[in-house]
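Working notes, beginning with the structure itself.
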Amino acid sequence: MTENSRSNGDAERGSRNRHDSVEWTDPDTFARALERAETRPKGNTFETFAEGDVVEHDPGLRLTRWGNERWTSQTLNHDPAYWRTDAARARGFDEPPIHPDYLTAATLGITVEELSERGGYFLGRTNLRFPGTPVYPDTELRVESEVVSTATSSSRPEYGIVTWRTRGIDAETDEPLCTYERTNMIPRREPVETAGNGATNADGTGSSGTAETTPDDDLPTDLIVPEGGFFEDFLEALEAASGGDTAVAYRHERGRTQDDVTVAALPLATLNTAGQHYNADVMAETPSGDVVTYGDVTRSIALGHARSDERTWREVGFDDESFHDFVTPGDTVYAFTRVLEVEDDASDGRAGTVRFQHVAFNQHEEPVYSGTRTAEIRKRAP
């Protein structure tokens, strides 16, 4: 070893020893260290995404019976076909399958780290479909997203707008299990100059802005409730409402107050890494002032309330889903349903198809989610 190399080595060891002697956990010393340290950010900025790019999300997730039953029980989705073998077989399943709400939440949750963890406003989701055969426990879920479009935000120059088409896929068979398109605002590395001066009533936690209020005198004079939950009940209610200033619309009795399970545990179980669901320290300085419920939990709770008043056979798909405001611990999620149309046709002769509009609202009667849903509803036995 040369004298020069020996000197360099001694200098490096001296530097290491000098730093090792620092009391890093002394509060004042540690505070100064934090001031000098840069945070390694998670997630991607708007500039990362280009139209046509495909993102293979890693890791995937094994859909378990335990995860399925925890999701459905905590969101009040108590359809016995997803719990009991006899009810599942009567519906045409081999065994209790994975609930579509849990499948949807898991598919989106896996994408968060690479698509939207950096923050941004959830502007909506549409074309949510379940194209494959029933999904059963122990299916290994693989997820990929394609960038459909990117655009500049005219109202918020620090953000861009990205739309992805996401597919949840059976990792063993490559069969698509769940597909949808969602649109988010995503932070830019650098703001851009824009001519827009609009405002978006978004909170950074999944809001898409408040819809325009419809004047009361534009509402139907009468809102009627179906007599029951079978397909024929929805058909008869719509027939009774036709030709008059009447609509088929009603609210559901149940509510679900948000707690640690719905706010933090359920999204974390789907690998949703967005800190707004579990990092109260960071969220204290945001408009919500607290951690917020994962949008797909809010949605699933509202749908659970609605399904409890109908004889659901199978889910077909969802469109035009929006999240209007944040939901925080202690808030209670209720649901309101409007029946849009019926069709005496379905994948099974024992059911017909109904299209609904569902609105989730909080204890202050403020909308927090809305979307249209198409479902097959069981007919009365002949």
Side-chain angles (χ1 to χ4, degrees), residues 43-51 53 55 57 104-105 107-129 143 145-167 178-189 191-192 194-213 267 272-277 283 286-288 292-300 302 317-327 357-361 366-373:
N44 292 307
T45 59
F46 171 76
E47 292 82 357
T48 304
F49 303 105
E51 185 174 336
D53 286 352
V55 182
H57 300 288
T104 300
T107 300
L108 193 149
I110 291 169
T111 72
V112 166
E113 182 171 1
E114 292 172 294
L115 302 189
S116 55
E117 183 171 352
R118 184 63 70 91
Y121 312 141
F122 192 163
L123 300 182
R125 180 174 57 197
T126 195
N127 295 327
L128 173 57
R129 300 291 184 268
V143 181
S145 297
E146 179 183 357
V147 180
V148 175
S149 64
T150 63
T152 296
S153 170
S154 61
S155 60
R156 293 178 179 265
E158 69 272 28
Y159 290 90
I161 300 171
V162 184
T163 297
W164 303 278
R165 181 179 298 112
T166 294
R167 297 198 309 157
C178 173
T179 63
Y180 61 81
E181 290 185 8
R182 75 159 164 141
T183 302
N184 277 61
M185 280 189 172
I186 300 295
R188 289 179 174 273
R189 281 193 288 269
V192 297
T194 67
N197 58 1
T200 301
N201 184 27
D203 55 67
T205 58
S207 170
S208 63
T210 302
E212 294 183 3
T213 302
N272 185 331
T273 56
Q276 58 257 39
H277 307 310
M283 294 302 292
T286 67
S288 69
V292 299
T293 303
Y294 178 20
D296 271 333
V297 173
T298 299
R299 164 190 182 273
S300 190
F318 297 81
D319 292 286
D320 304 321
E321 294 189 300
S322 296
F323 297 89
H324 303 280
D325 208 345
F326 44 70
V327 177
Q357 179 188 33
H358 298 296
V359 180
F361 62 96
E366 300 163 336
V368 294
Y369 159 85
S370 64
T372 59
R373 164 177 168 250

Hey, is the main chain of Phe318 close enough, under 3.5 Å, to the side chain of Arg129 for a donor-acceptor pair?
-> yes
Would you check if there is a donor-acceptor pair between the side chains of Thr166 and Arg125 at a distance under 3.5 Å?
-> no
Minimum side-chain heavy-atom gap Thr48-Arg189 below 4.5 Å | yes
Which residues satisfy the salt bridge (Lys or Arg N to Asp or Glu O under 4.0 Å) test with Glu146, sequence neighbours excluded?
-> Arg165
Answer yes or no: is there a side-chain heavy-atom contact under 4.5 Å between Arg188 and Thr152?
-> yes
What pair of heavy atoms forms the shortest contact from Ser288 to Met283, and how long is it?
-> OG-CE, 3.5 Å
Separation between CG of Leu128 and OG1 of Thr372, rounded to the nearest 0.5 Å = 10.0 Å
Does Ile186 offer a backbone N or O that forms a donor-acceptor pair with the side chain of Asn184 under 3.5 Å?
-> no
Counterpart residues, ring pair (Phe, Tyr, Trp, His ring centres under 6.0 Å), relative to His57 (two or more places apart) = none
Pair His277-Val292, side-chain contact (heavy atoms from CB on, under 4.5 Å): steps then yes or no = CA-CA 5 Å; His277 307 310; Val292 299; 4.1 Å; yes
Short side-chain to backbone donor-acceptor contact, Ser153 and Ile161, under 3.5 Å | no
Sub-4.5 Å side-chain heavy-atom contact between Trp164 and Thr111 = no
So salt bridge (charged side-chain N to carboxylate O under 4.0 Å, His left out) across residues 108-117, not counting sequence neighbours, yields none
What are the two closest non-hydrogen atoms of Pro187 and Gly119, and how far apart are they?
-> CD-O, 3.1 Å
Considering residues at least two apart in sequence or located in another chain, which fulfil the ring pair (Phe, Tyr, Trp, His ring centres under 6.0 Å) criterion with Tyr369?
-> Phe323
Of all the heavy-atom pairs spanning Thr107 and Val143, show the shortest one and how long it is.
-> O-CG1, 3.8 Å
Ser155 versus Pro157, closest heavy-atom pair with distance | O-CD, 3.7 Å
Not counting sequence neighbours, which residues clear side chain to side chain donor-acceptor pair (under 3.5 Å) with Asn44? List them please.
-> none
Under 3.5 Å: donor-acceptor pair, side chain of Thr126, backbone of Asp319 | no
What residues form a side chain to side chain donor-acceptor pair (under 3.5 Å) with Glu366, not counting sequence neighbours?
-> Asn362
CD of Glu321 to CG of Asn127, rounded to nearest 0.5 Å, is 10.5 Å
Who passes ring pair (Phe, Tyr, Trp, His ring centres under 6.0 Å) against Tyr180, sequence neighbours left out?
-> none
Heavy atoms only: give me the nearest Phe46-Gly160 pair and the separation to one decimal.
-> CD1-CA, 3.5 Å
For Arg118, enumerate each residue passing the side chain to side chain donor-acceptor pair (under 3.5 Å) test, keeping only those at least two apart in sequence or located in another chain.
-> none
Sub-4.5 Å side-chain heavy-atom contact between Asp325 and Pro367 = no
Quick one: side chain to side chain donor-acceptor pair (under 3.5 Å) partners of Thr104, sequence neighbours excluded?
-> none
Quick one: list whatever passes ring pair (Phe, Tyr, Trp, His ring centres under 6.0 Å) with Tyr159, sequence neighbours left out.
-> Tyr121
Can you name the residues that form a salt bridge (Lys or Arg N to Asp or Glu O under 4.0 Å) with Arg182, not counting sequence neighbours?
-> none
Would you say Phe326 and Gln276 make side-chain contact, with heavy atoms under 4.5 Å?
-> no
Please report the shortest heavy-atom distance between Ala50 and Val147, naming the atom on each side.
-> O-CB, 3.3 Å
